[in-house]
Each structure stands twice: as C-alpha cells, then as structure tokens.
Amino acid sequence: MQSPTYHLAEGLRLPTNGLDYTILAIYFIVVLGIGFAARASVKTSLDFFLSGRSLPAWVTGLAFVAANLGATEILGMAATGAQYGVAVVHWYWIGAIPAMVFLGLVMMPFYYGSKVRSVPEFLLQRFDKPAHLLSSVLFAFAAILIAGVNLYALSIVVEALLGWPQWVSIVVAGFFVLAYITVGGLSSAIYNEVLQFFVILAALIPLTVLGLKRVGGWDGLTDSLSASKGDNFLSAWGGTGIGDANPLGANWLTIILGLGFVLSFGYWTTNFAEVQRALSAKNLSAAKRTPLIAAFPKIFIVFAVMIPGLVAAVIVPKIGTAGSDLTYNDAIPLLMQELLPNGVLGIAVTGLMAAFMAGMAANVSSFNTVFTTDIWQKYVVKDREDTYYLRFGRLITAIGVLASIGTAFIAASFSNIMSYLQTLFSFFNVPMFVVFIIGMFWKRASMKSGVWGLVAGTTAAMVNYFWIYKQSVIDIPSDQGANFVSAIVGFVAGAVVMVAVTLFTAPKPESELAGLVYGTTSPGMSEAPAEGDDAWYRRPALLGWGAIVLAAACYIPYSF
C-alpha cells in the first residue's frame, strides 16, 4: 500500500488549540513545582551535584533511561529510522543493552566504591592530574555540545507549536530548563526525569499506533518500504556483509566493533550524564541495579521511535532528499501534524518537550558537576567552604545553559542529529573509555599513559573523520559508517599509545590501586582472584595486537 504524499504548504506548524496549550501549561507548572520542592533538600554541594547519594534504585533507574530519552532517542532515532530503516535496532540491542549490563555488574563497584563525585575524578585516582584535567575539559566541552543538540531539538517542537523563529525557540527553551536545574540541582533533574519517562511514553505510543493505522498496519508499511527502499531497508543485517551495500553504509564488522563495543561501551560506561544517576543512589546495591533496571524498558523503546521513522519514510517520501526543505529530523513533528487530534496532540507535544528537557538537563547537570568539582575546585579556587562551591555550581549551570544555546546552532546545521551525536561520541567518549578499561584491568598501566591515551584516541578519531572520510582518502559511504570506523580507530590508537607509554614510564604504586583495578579490593567490592590468575583480560599486548588487526580490517571494505 502506498500512502499519499504529505505536502508541507505553509511550513511545519502544528494545529494546536486551547486544550493542547492547557496540557502543556499544567506540565510546566508541575516541572517547576518539582524544582522548588527539591530546593528544600539542597543544603550542601553533595546534595546539589549528587542528591546526597540518597535515592532508591527505582528512581535512579528510571532517571537513567529518561536521561537518554532526549534528542538522541526521539528525533534522532526516528530520523535514523527514516534514513536507514530497521537497522536502527542496532543502537539498542547491540549498542546499549550489553554496555548497560556491564556498567551495572562490573564498573559501578569501581565508581561507587571509590566515592568519586564524577567520572573524570576516577581518572585522577587511577592516573594523574594531567589525565584528570584533560578528561574533565573534554567531557565539559562534549556535554555542552550534546546539551545544544537537545536544545535544538526542543526548539524544533516550540517552532512547530508556536511558529516562533528558531533562535527565539532556542533561547526561551534554554532559560526554562535553566530555571528548574538551578533551583533544585540534580534531585530536581532526576525526579523530573522520572515524570518525563511516563510522559514520553504517553506521547510516543499513540503516534506509533496511529502511524501504523495510516499506512495499513505492519504489512502495509513493509510492502510500501520494500517497493520504495528495497528489502535491506527492512532488515537489520541485510547487506552488511563485507563489501555489500546497505542503507547504513556499514558492514557487520564495523557495526559490532564500532557501535556494539567501542561507541556503546564508551557512552554507557564513561558518560557522566548517565553514570551520575547511578552515583546518586543510596548504596552500592542500588547503584549496581540502576542501569539494570533501565535496561528493561530500553529493550522495547526502540519500537516506539523506529516505527514512526519508518512511517515518515512512507507518507513523506521526499523527506531528507536533495531539493526538499524537510530534513530527517522533521519526521516526528510531521507525523504529529498529520496524525494526532487535539488533546492527544497536546500530550505528544508535552512528551517531546519533556524528552528534550530531560536530555538537556542530564548534560547540563553533569557539566556543572565536572566543571565545579573537577576543574574549578581542583585547579582554580581550592579549599573554600562548601557553600562557596554550592553557589558556584548554580552560577556555572547558568553559564552552561548559555553556552548550550550557542552550540544548538551547530546542531541545526546537521540533517540527522543522530549522526552528529555519534560523531561527538567517537571524538570524546571513546578515548575516555579506552583509558578507563585499560586502567581498570591492567595494573601496570602507568600514571602518564592516561593523558597520552586520551590525546591519541581523540586525535586519531578526528583525523579519520575530517581527513580520511571527509577528504575521501578512503570512500566510506555514510556518516554513520564513518563514525563506526572513527570509534574503532580512536580506541585502537589510544590503546596502543597507552601500552607504549607504559613501557617507558613508572607504574602507579600498587598500594594506591586498591579498589581502582580489577582484582584489588575496597569496601563493597568483590574479593581478589586467586594467585596465578592469568585471564585473557590481563594480557594487554594480546588485546592490543588483536585490536590493531581488527581496526585495519575495518578499512578493507572501503578500499575497493
């Protein structure tokens, strides 16, 4: 069944009425109310940045998944579904669930047991100040860029809802998010994220159901897409053999290694915007269960974002094509405009705005923590009273939001914000992940190897993307394929440099590694393995050579 083409005659403007605005106004009042209610519990900087480490697992678990339900999940994944088809499931079942389980079972004992307030602070304990400072700066920069993505996505909805110019939408939305984060700190963000989780589902489920009804159900959807896009568009693994063509522009090797291992583990295990939710849990058991609880809804959310993207590819066949003013990012607003009646439309708009505010709040709250505790307190203004850092945390939150308003205009230049986000993750999260994973599993990794691993990984990923891909040194078919390769190259470069630097520099004394390296003990962690344990993960040279071979293999399909 081929549905009628959607024509955008007078711009993307949603047909809202008083009922829709009333629903939206009630939501805003509740969000601000939660912020002011949370303010009463903010007495210290630990309360502001980590909710006093007092929250139960079910709250942190829902906040963990809601923090990711921002632009990446809603506009970005729907855009990816419209552009690449069913392959979007890889970002969930390969690119999220395994890493979330690994974070809960393996890495949270290190984070929580060491009592660090942020992910970069762990690098200070495991390596040295240069590694800590560089990772803090890189993370703070990346957090502002990603917050800008969520703010830009939010502006799309405001523009569609009210008809405001994009720059006005970005500024107004940014200041609203600033209000409730500054007032209530992380507790305000987390409790709002729990509310936002359910509001987001209330928005996506009707859109999915009505979208399928419009195109004749699942059978009608698949028939239309098979005819217009080909069978590989409806297959997660179709055409992913080495040298084969597929919509994603990637092969099974780069999907498994680039997305499933490097990008996925780099994001979920070292991205402080997520880890911060688990660190706010009331004890180690709750912290470990946080990503495990979040993994269950993550398994199914893919259908609520993928199907609207596929439906948009059918009813708006010109979306994302040359000469069209519609980008893939417009998939969700277009369906809302076309499918939803008033009332339901108000819920959907509220859900989208909730999603984008959750994503932005997660990044801004992690930014203010890292900038205050890891940069300002450690290197600029030391040994001041706690109330000073609490006041500064609120100030830097405002500065972070203002900076996010600027980076939102960068995101606006990308047709698919998911591709933009994956590019950022390959530049910033992947190098941090390789430093973490080698530092956690190899005692010998020296203090100096951390900073050089970060430098090498970030540089190599950028060289691959901006020179090898953008300058067509090697023909990689798509941005997503290039991101997967960049992630692998960045990981391998960081690992090789860390091993090389370690061979010529002094290791950290073993007495200072308790609770920081696998096999050592600290309160709340498992016992060390028996003497003589020589498991594969204790042989970094073997891992290093294997990684180099696999990275080289990723370029082979694009060389012919």
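What's counted below: heavy atoms across the whole structure, side chains too, no hydrogens, waters or symmetry copies. Residue numbers start at 1 and run along the sequence shown. Since this is a predicted model, take the numbers as computed values, not measurements.
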[atom1] of [X] to [atom2] of [Y]: how many Å apart, nearest 0.5 Å?
{"X": "L133", "Y": "L138", "atom1": "CG", "atom2": "CG", "result": "9.5 Å"}
{"X": "E274", "Y": "T290", "atom1": "CD", "atom2": "OG1", "result": "11.0 Å"}
{"X": "M100", "Y": "Y267", "atom1": "CE", "atom2": "OH", "result": "9.5 Å"}
{"X": "W442", "Y": "T502", "atom1": "CH2", "atom2": "OG1", "result": "4.5 Å"}
{"X": "M498", "Y": "L454", "atom1": "CE", "atom2": "CG", "result": "8.0 Å"}
{"X": "L123", "Y": "H132", "atom1": "CG", "atom2": "NE2", "result": "8.0 Å"}

Are there over 12 heavy-atom neighbours, none belonging to [X], within less than 6.0 Å of that residue's [atom1]?
{"X": "F296", "atom1": "CZ", "answer": "no"}
{"X": "K298", "atom1": "NZ", "answer": "yes"}
{"X": "E512", "atom1": "CD", "answer": "yes"}
{"X": "F141", "atom1": "CZ", "answer": "no"}

Kindly say whether [Y] contributes a backbone atom to a donor-acceptor pair with the side chain of [X] at under 3.5 angstrom?
{"X": "W268", "Y": "V101", "value": "no"}
{"X": "R126", "Y": "G439", "value": "yes"}
{"X": "S280", "Y": "R277", "value": "yes"}
{"X": "Y112", "Y": "N283", "value": "yes"}
{"X": "K448", "Y": "A506", "value": "no"}
{"X": "D128", "Y": "A131", "value": "yes"}
{"X": "T458", "Y": "V455", "value": "no"}
{"X": "Y111", "Y": "T269", "value": "yes"}

Taking every non-hydrogen atom, the tightest pair across S426 and P431: O-CD, 3.7 Å
For a quick test of reading the model, state the closest non-hydrogen atom pair linking A99 to S264 and the distance between them. CB-OG, 3.2 Å
With [X], which residues qualify under side chain to side chain contact (heavy atoms under 4.5 Å, CB included), at least two apart?
{"X": "V401", "answer": "L178, M360, V364"}
{"X": "P56", "answer": "W58, V59"}
{"X": "I144", "answer": "F367, A403, S404, T407"}

Determine whether the side chains of [X] and [Y] contain a donor N or O and an acceptor N or O closer than 3.5 Å.
{"X": "T373", "Y": "E121", "result": "no"}
{"X": "S446", "Y": "T505", "result": "yes"}
{"X": "N368", "Y": "T397", "result": "yes"}

With a 4.5 Å heavy-atom cut-off, do [X] and [Y] have their side chains touching?
{"X": "F441", "Y": "V106", "value": "yes"}
{"X": "W93", "Y": "I299", "value": "yes"}
{"X": "Q125", "Y": "F110", "value": "no"}
{"X": "L103", "Y": "F64", "value": "yes"}
{"X": "V86", "Y": "L310", "value": "yes"}
{"X": "S449", "Y": "R444", "value": "no"}
{"X": "T80", "Y": "W91", "value": "yes"}
{"X": "L204", "Y": "P308", "value": "no"}

Does W376 form a side-chain contact (heavy atoms from CB on, under 4.5 Å) with F371? I'd like the steps, not just the answer. CA-CA 6 Å; W376 195 259; F371 196 95; 4.1 Å; yes
Could you walk me through whether Y92 and M77 satisfy the side-chain contact (heavy atoms from CB on, under 4.5 Å) test, starting with their C-alpha distance in whole Å, then the side-chain angles of each, then the deciding distance to 0.1 Å, before giving a yes or no? CA-CA 10 Å; Y92 292 77; M77 285 301 181; 3.3 Å; yes
Mind running side-chain contact (heavy atoms from CB on, under 4.5 Å) on F428 and I146 for me, showing each step along the way? CA-CA 11 Å; F428 300 113; I146 297 170; over 6 Å; no
Between L55 and Y191, does a side-chain contact (heavy atoms from CB on, under 4.5 Å) hold up when you go through it step by step? CA-CA 10 Å; L55 301 179; Y191 280 111; 3.4 Å; yes
Would you mind telling me which of F484, F436, F261 makes a ring pair (Phe, Tyr, Trp, His ring centres under 6.0 Å) with F491? F261
